[in-house]
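Each remark here refers to the structure printed beneath this line.
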Amino acid sequence: MCGIFGVINRKVNKDVADKCIDQMSHRGPDGRGLWQEKGTTLGHRRLSILDLSEGGAQPMLYDGKGRVNTGEDARYVLSFNGEIFNFIEIRNELEGRGYTFRSDSDSEVILASFVEWKERCLEKFNGMWAFLIWDRLEEKLFIARDRFGVKPLFYTFLGSQGSGSDKGRPDGVGADGIAFGSEMKVLTPLMDEVRANRELVTDPDRTVFYESTDECVIKGIKRFPAGSYAYADKNGIKIERYWNTLDNLVDVPSSYEEQVELFRELFLDACKLRMRSDVTIGTALSGGLDSSATICAMAHLAAGGSVNARETAAGSPDRAGGSADARMNRDWQHAYVATFPGTTMDESEYARKVTDFLGIDNTFVTIDPAAAIDKLDDFIYLFEDVYLTSPIPMMILYGALREGGTLVTIDGHGADELFGGYTFDFIHALRDAKGGSERNMVLDAYIGSFPKDGSNISLRNTGKGSVYFNYMKRRLKDRLRSKSEGYKRVRAADDPRYERMDTLNKILYASSHETILPTLLRNYDRYSMANGVEIRMPFMDYRIVTLAMSLGWKSKLHGGFSKSIIRDAMAPFMPRDIAYRRTKIGFNTPIVEWMKGPLKEYFTDVITSSSFRNCDLIDPSAVADRITQVINDDGATFAQGEQAWSSLYPYLWERNVLDRLCN
């Protein structure tokens with residue numbers, strides 16, 4: 001896991017290149033590299049995870065005969081961010097084709113794979129990546145990003161109309177220079193001006209709708225699309241899509257029991273691959289289903305358990321080699337739990353049940369906003385995008401992992417969006433439910449997800465008839481509203497394979513490929529990499545994503561439980577009351593409690609400052625009223641607190657991102 005930088009068709013002063021690279025020093029605290037030749041620059045910041053020696057350093061030079069080579073005859077130069085988890089299997093295949101390897105890194109495997117298969121190599125990779133490969137012979141750059149955009153990549157045109165300009169060249173053809181980077185701040189030293197994309201920065205309603213597009217919060221910078229590759233040279237750049245989940249849907253077993261078994265085997269294998277590391281691994285544990293299933297899978301595998309549950313029961317080794325993986329790190333017993341004492345967001349009691357069950361220690365990280373408020377400006381700068389909630393809890397948590405020596409965390413992100421973990425998603429399965437039994441399956445999952453004490457105002461009346469009636473009313477309102485919000489239209493809507501999906505899967509496809517999940521993947525890349533920590537996500541294994549999108553809605557709400565297939569598959573390895581716990585809190589900021597308590601003075605000072613009153617990205621009076629209302633209203637809700645924060649955020653973003661990048 002690292003940070004990458006590259007420029008073609010433009011000579012860049014070494015001092016400027018160094019500045020670009022060091023803008024992302026947090027992403028790679030273990031090393032840096034710069035390679036320049038003629039009008040090409042490749043740079044790298046290294047977070048050492050696999051092969052900690054200099055053999056894994058980048059930019060990595062490679063000859064056309066399949067060998068790492070630092071001499072003049074090296075043809076290819078690589079700058080890579082991410083991990084190829086199945087690099088051992090690919091390396092074995094390449095060795096069978098005559099390739100030799102000098103390092104134990106996945107970086108060298110990428111280069112050999114590209115030499116052997118060109119862009120088809122991407123089809124073989126199981127991992128997360130964004131990388132650049134410069135071909136010195138053909139003077140052409142190959143660019144690629146992983147299937148789902150787990151790893152970020154941005155670019156800007158440095159054309160004759162000025163740095164950062166792409167006017168008149170929507171496809172980049174004829175661009176004089178093109179620059180690439182893992183973060184937007186890497187590119188801004190090359191740009192003539194840094195301006196806000198006001199439409200994105202100032203509209204909270206669009207917060208989860210732009211990450212899967214090429215639009216960015218800084219004008220003139222584009223986001224390289226997930227599941228795509230490109231070749232770029234003196235004639236410009238041509239981007240091609242190599243992955244579409246709808247092209248890769250699979251036939252699933254007809255019985256639910258067989259589906260559960262299939263998911264279990266895929267999930268355990270995904271965790272096993274992601275345990276390959278030369279540094280300590282752990283988990284950011286919430287006590288919810290997803291992170292608990294992940295750490296319990298790790299415990300099972302580290303103890304020698306098989307990926308194939310039938311073989312585990314029979315006591316026989318896995319046919320694929322069991323857990324005898326030389327690169328699997330068995331130093332996994334590191335659970336970090338964010339705690340919010342005295343707030344409704346605290347889930348530490350559930351996390352403790354998991355660690356007690358596994359017999360491992362835990363590290364409880366108390367999220368103290370008063371102690372962290374002095375770091376908020378830096379957190380926002382490092383995050384560099386806009387979002388609905390404060391980054392404080394997540395930044396503190398992943399900072400604690402770094403401080404504790406855990407540099408890789410295997411987390412449960414992605415399960416909610418793929419398998420139906422959000423009530424506002426799976427309630428829509430009512431559209432396809434036939435008869436009272438199927439309707440009750442949906443309603444049981446929905447009603448059971450809310451606390452029984454009535455503390456959640458989203459569900460005051462728990463009667464099934466009332467819930468169903470209210471849903472039908474909201475559905476009509478949503479239909480009317482969506483007609484005037486074109487940016488919410490699902491881009492896959494015209495694909496017949498999407499149209500054949502049931503209602504819940506259509507919603508989950510949009511959530512996982514276009515809206516919520518792409519945004520969360522971006523967020524957690526920032527939270528973790530700001531602290532020099534790598535997140536790995538077994539639920540984002542492409543085999544699990546394609547399975548999720550191929551399963552019908554009843555396999556996700558079986559027995560009246562949300563994400564039922566995950567629960568039933570992983571229950572044998574984890575505490576039963578965690579596996580079948582219905583209520584969901586999620587990893588959020590207790591913003592209302594903070595605004596009324598430890599951060600009251602901070603918010604009051606902000607809304608009375610002159611810079612706040614003079615910010616033209618917000619309506620200062622309206623924002624101040626929202627914040628004051630939350631502070632003074634004893635009945636203020638989480639939604640009101642979130643709205644107050646998101647309305648303030650453009651000001652905080654301008655002060656800590658835009659102004660800092662302009663100076």
Side-chain angles (χ1 to χ4, degrees), residues 147-149 205-213 225-227 241 243-252 256 259 263 413-435 438-439 441-443 445-446 449 467-468 470-521 539-540 542-558 560-566:
R147 294 173 179 86
F148 310 112
D205 289 341
R206 296 189 65 183
T207 298
V208 299
F209 287 93
Y210 70 83
E211 184 63 30
S212 62
T213 74
R241 186 176 182 181
W243 175 264
N244 182 343
T245 298
L246 297 175
D247 291 333
N248 293 276
L249 300 178
V250 298
D251 294 328
V252 298
Y256 177 69
Q259 293 170 8
F263 171 81
H413 308 301
D416 286 323
E417 296 79 12
L418 291 167
F419 291 95
Y422 299 129
T423 54
F424 54 76
D425 281 341
F426 66 71
I427 187 65
H428 295 287
L430 285 171
R431 299 187 199 180
D432 295 318
K434 296 179 175 63
E438 291 188 0
R439 280 197 297 272
M441 186 189 306
V442 181
L443 293 170
Y446 182 80
S449 297
V467 171
Y468 183 75
N470 288 335
Y471 166 72
M472 298 306 291
K473 283 200 306 183
R474 288 199 310 272
R475 180 186 172 192
L476 178 60
K477 291 180 181 178
D478 289 343
R479 270 182 170 176
L480 296 173
R481 188 185 305 119
S482 64
K483 290 181 180 180
S484 62
E485 298 172 333
Y487 64 86
K488 290 186 177 181
R489 184 180 184 275
V490 178
R491 292 186 294 281
D494 295 329
D495 192 306
R497 295 162 299 186
Y498 171 85
E499 286 302 316
R500 288 194 292 270
M501 288 179 166
D502 60 51
T503 301
L504 177 57
N505 265 351
K506 286 179 181 177
I507 290 168
L508 295 181
Y509 180 88
S511 178
S512 60
H513 290 74
E514 298 188 9
T515 58
I516 296 176
L517 186 53
T519 306
L520 293 182
L521 294 177
F539 285 106
M540 295 309 301
Y542 73 94
R543 299 168 298 173
I544 290 178
V545 175
T546 54
L547 174 64
M549 292 296 101
S550 302
L551 290 168
W553 70 268
K554 285 180 278 189
S555 298
K556 298 170 181 176
L557 299 177
H558 187 84
F561 284 86
S562 64
K563 297 183 288 191
S564 57
I565 195 166
I566 301 175

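These figures come from a predicted structure and were not determined experimentally. Basis for what follows: all heavy atoms, side chains included, without hydrogens, waters or symmetry-related copies. Throughout, residue positions are numbered sequentially from 1 according to the sequence presented.
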**Request:** Mind telling me whether Phe148 and Trp243 have parallel, tilted or perpendicular rings, with 30° and 60° as the class edges?
**Result:** perpendicular

### Task
Could you label the plane-to-plane angle of the Phe539 and Phe263 rings as parallel, tilted or perpendicular, counting under 30° as parallel and over 60° as perpendicular?
parallel

**Prompt:** Any side-chain heavy atom of Val545 sitting closer than 4.5 Å to one from His513?
**Reply:** yes

Please tell me if the side chains of Leu418 and Met549 come closer than 4.5 Å, counting only heavy atoms from C-beta onward.
yes

| said: Pairing donors with acceptors under 3.5 angstrom, does anything connect the side chains of Thr546 and Asn248? | reply: no

Rounding to 0.5 Å, atoms CG (Asp502) and CG (Asp432) come to a distance of 5.5 Å

Closest non-hydrogen atoms of Gly149 and Ala226, given as atom of the first, atom of the second and distance, are N-CB, 3.3 Å

Heavy-atom nearest pair, Ala415 first then Ile566, reads CB-CD1, 3.9 Å

In this structure, CG of Leu547 is separated from CG of Asp251 (nearest 0.5 Å) by 11.5 Å

Is there side-chain contact between Leu520 and Val208, with at least one heavy-atom pair below 4.5 Å?
-> no

Can you confirm whether Gln259 sits close enough to Leu551 that some side-chain heavy atom of one is under 4.5 Å from a side-chain heavy atom of the other?
yes

Query raised in the report: Do the non-hydrogen side-chain atoms of Met540 and Leu517 ever get within less than 4.5 Å of each other?
Result: yes

- Would you call Phe419 and Asp416 a side-chain contact if the rule is heavy atoms closer than 4.5 Å? no

Review point. Given the rule in the side chain to side chain contact (heavy atoms under 4.5 Å, CB included) test, do Leu508 and Asn505 qualify, once you have shown the distances and angles that lead to the verdict?
Key: CA-CA 5 Å; Leu508 295 181; Asn505 265 351; 4.1 Å; yes

query: Is there a side-chain contact between Tyr509 and Met501 (heavy atoms, below 4.5 Å)?
result: yes

Here the gap from Thr503 atom OG1 to His428 atom NE2, rounded to the nearest 0.5 Å, amounts to 9.5 Å

All heavy atoms of Ser511 vs all of Pro518, minimum pair found to be O-CD, 3.7 Å

#### Entry: Side chains of Trp553 and Arg431 in contact at under 4.5 Å (non-hydrogen atoms)
no

Is a salt bridge present between Arg497 and Asp247, judged by a nitrogen-to-oxygen distance below 4.0 Å? yes

Distance col, row Tyr446:OH vs Tyr422:OH, nearest 0.5 angstrom, shows 15.0 Å

Nearest heavy-atom contact between Ser212 and Glu514 is OG-O, 2.7 Å

